[in-house]
Amino acid sequence: MAARPDNEPFLSARGVARRYGSHEALAPTDLDVRAGETLALVGPNGAGKSTLLAILAGALEPTAGRVERASAAPRVGWVPQRPAQYGRLTARENLELFARLEGVQDVPGTVERLLALVDLVGPNRPAASLSTGNQQRLNIALSLLADPEVLLLDEPTAALDPGQRRRLWSLVDVVRERGGAVVFATQNLDEVEHHADAVAVLQAGRLVFLGPFAEYERSPAAEIFA
Amino acid sequence: MRAVRLLLAKDLRTLSRAPALVVALVLYPLLIALLVGLVARFAADRPRVGFVDQDRIPESLVVGGQSFDVNGVIEQVETEVDLVRMSEDEAADALRTGDTVATIIVPRGFVSRLRSLIRRPELVLRITRGGLAGRVERQTEALVYNLNRRLQDAYIDANLEYLRLIREGGRGTFLGNDFEIVGLEGAQRILAELEGRAKDPVARAEVEELQTFVREALLALDQSGETLRATANPITLRLDDEGRRGWLLSAQVQAYALALTIALLCILVAAAGIAAERDENVLGRLTRGLVGLGELVAEKIALVALVAVGLGLVLALGLGAAIELAGSTSFASWARVPFLAAGLAVAGAAFGAFGVLLGTLARETRAAALVAILVALPVVLLGLLPEVAVAPAAWVSTAFPFAHAVRLFESTLYDADPWATIGREVAWLAGLTAVFGGAARLGMRRLLA
């Protein structure tokens, strides 16, 4: 893991906002992603959770504000809500392609390790023909190619069976225990309760609460999600 | 560059896994190329022309003692135009409403003037302005030329008949008057008899002088037939049937077929290809530092250039083989194939940049494919219009790659000294690639939104 000055956030959102024409998907928002932290993004549908995650991941440009990265730029893995992979390539070919694009040294070894890690069924079938759950496993495996220090997950468990959910959270724990950071968007209060250190609540594109889980439980923002 | 290479390999692999799509992508533009060729060849080829026969031309007309079919000659023009017989009023209406592009009128007295051999008969051509008018005018001129040529033969034969009468003597008719003459040969016989009977030396000398004149006149008349025909038609056109290509194999049609096929294919593949990246939701994953937006545009342009080279060479070599198999001539451009491959790449890149721009504007694969076809067809058809016929179309098509690609391929394949044209058109295509590619790079932000 790259050396960083003490307590320097991996990622800092500074007034990031996103508009689609006249619609404000995300109002100016400030947020830090720090080492060893698991932050849950909660809020109703259309609250701006996916937009904020995509901006943090660098996949979407904010219309205002900026995302600052730590001086030793962290490796970031991103699991978008909808699987992002080439449907006509097999799962294995998708992993090989993105591994090469990421500059992974041992491409075959890394691909085999990740296929085993997510226990993907049918790695040699075109990705489009995989079940929704297996597409999500591939989606997660792709985010792990760069051995990320920051893992950004957008409702990652929505299509997973209970066994796969447990496997995913153990992966998240590994990233955090190695000094990394995890930000996940969810609609599942149990996941927040069991896996999050901190909670950010978004409502209609605005960040209405940001703090430790214990504070969240006592705050009026918890009512939004209740 | 490495990212471009990896994505290029991915796209080629993806294409190879959709053989039905590849076949459709290749066959569709070829079919369009063939249909456009057929339409261009036949549809506007026979414009409707009104034909008004005020003189009721008989089926057979005797001129100078020769019988020939004036109607038949006039109707020969029907190989070029659709000749529609109508009354003068109907013809005027049809010309005014645009139902016909011209009217040919045979005025009253036409046949009697023909028979008279004295006054020249006239055909009247009424024509609209612009469009096909010039062409109909040229075809009508050709019709008059054909009529004149046939009449000329009749007139010459009639004149030769008069010369035969002058030589041999006999009965004839001129301007409706019958006559009988002794002829030069008869005069020669009479003069020989007179010479024997003449006692007076002066009279004998005059008879001998007349005999000399008659002999020389006969010698001169012996040459008159060929001389008359030679002065009537100083130059004749002989149609050499050997070594001709059919229109399908002509240089221009080959260049059009190549350009049209790769234009449609490249614009479609580029537009759908870039939009597919968004549909598969991978754009965000790619542009998080793995691949730049400019690299993505460059990759699609490179993909389309490769497709253009592959398909274009197959098509060009197929046409070349067809020319060789036709046997009448040889495809003289085999040595130019490497230059053609380079030209196909340059043209393919320009079409690709244009297609990527359309794809960024349409955003979704299906919409991009539809937009590509909707935009590509008029661009191609504009480029097919002859510059001399519709100048504004030529100006507009200058801003698109099609017309430049046609000139590049035509020059590369068949010009004896093609380098100036190749240099100019390659510069145009490279410039258009830069302009459309730059615009596409800006348009990529729409795909990310």
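Here is how names work: the chains are called A, B, and so on, in the same order as the sequence lines, proteins then strands, and each is numbered from 1.
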message: I'd like to verify something: which residue of A:E102, A:R100, A:R82 has the highest number of heavy-atom pairs under 4.5 Å with chain B?
response: A:R82
query: What's the verdict on salt bridge (Lys or Arg N to Asp or Glu O under 4.0 Å) for A:E93 and B:R13, showing C-alpha distance, side-chain angles and the deciding distance?
result: CA-CA 10 Å; A:E93 287 166 345; B:R13 180 180 285 178; 3.3 Å; yes
Taking everything shown except [X] itself, do over 12 heavy atoms lie less than 6.0 Å from its [atom1]?
{"X": "A:R206", "atom1": "CZ", "result": "no"}
{"X": "B:R366", "atom1": "CZ", "result": "no"}
{"X": "B:E295", "atom1": "CD", "result": "yes"}

message: Between A:A54 and chain B, with a heavy-atom cut-off of 4.5 Å, which part of the residue counts as in contact: side chain, backbone, both or neither?
response: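 A:A54 has no heavy atom closer than 4.5 Å to chain B.
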field: Proximal component of A:N94, with respect to chain B [non-hydrogen, under 4.5 Å]
entry: neither
- prompt: Would you find a donor on one side and an acceptor on the other, under 3.5 Å apart, between the side chain of B:R288 and the backbone of A:A59?
  reply: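 Checking the backbone N and O of A:A59 against the side chain of B:R288, no donor-acceptor pair under 3.5 Å is found.
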Minimum heavy-atom distance between A:Y86 and B:E277, given as atom pair plus value: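 So the two residues come closest at OH-OE1, 2.6 Å.
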field: Minimum-distance pair of heavy atoms, taken over all atoms of A:R88 and B:R17
entry: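 Here A:R88 and B:R17 meet closest at O-NH1, 3.1 Å.
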Side chains of [X] and [Y], heavy atoms from C-beta outward: is any pair under 4.5 Å?
{"X": "B:R2", "Y": "A:L101", "result": "no"}
{"X": "B:E280", "Y": "A:L89", "result": "no"}
{"X": "A:P83", "Y": "B:N281", "result": "no"}

message: Report which part of B:R278 has an atom under 4.5 Å of a heavy atom belonging to chain A: side chain, backbone, both, or neither.
response: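 Only the backbone of B:R278 comes within 4.5 Å of chain A.
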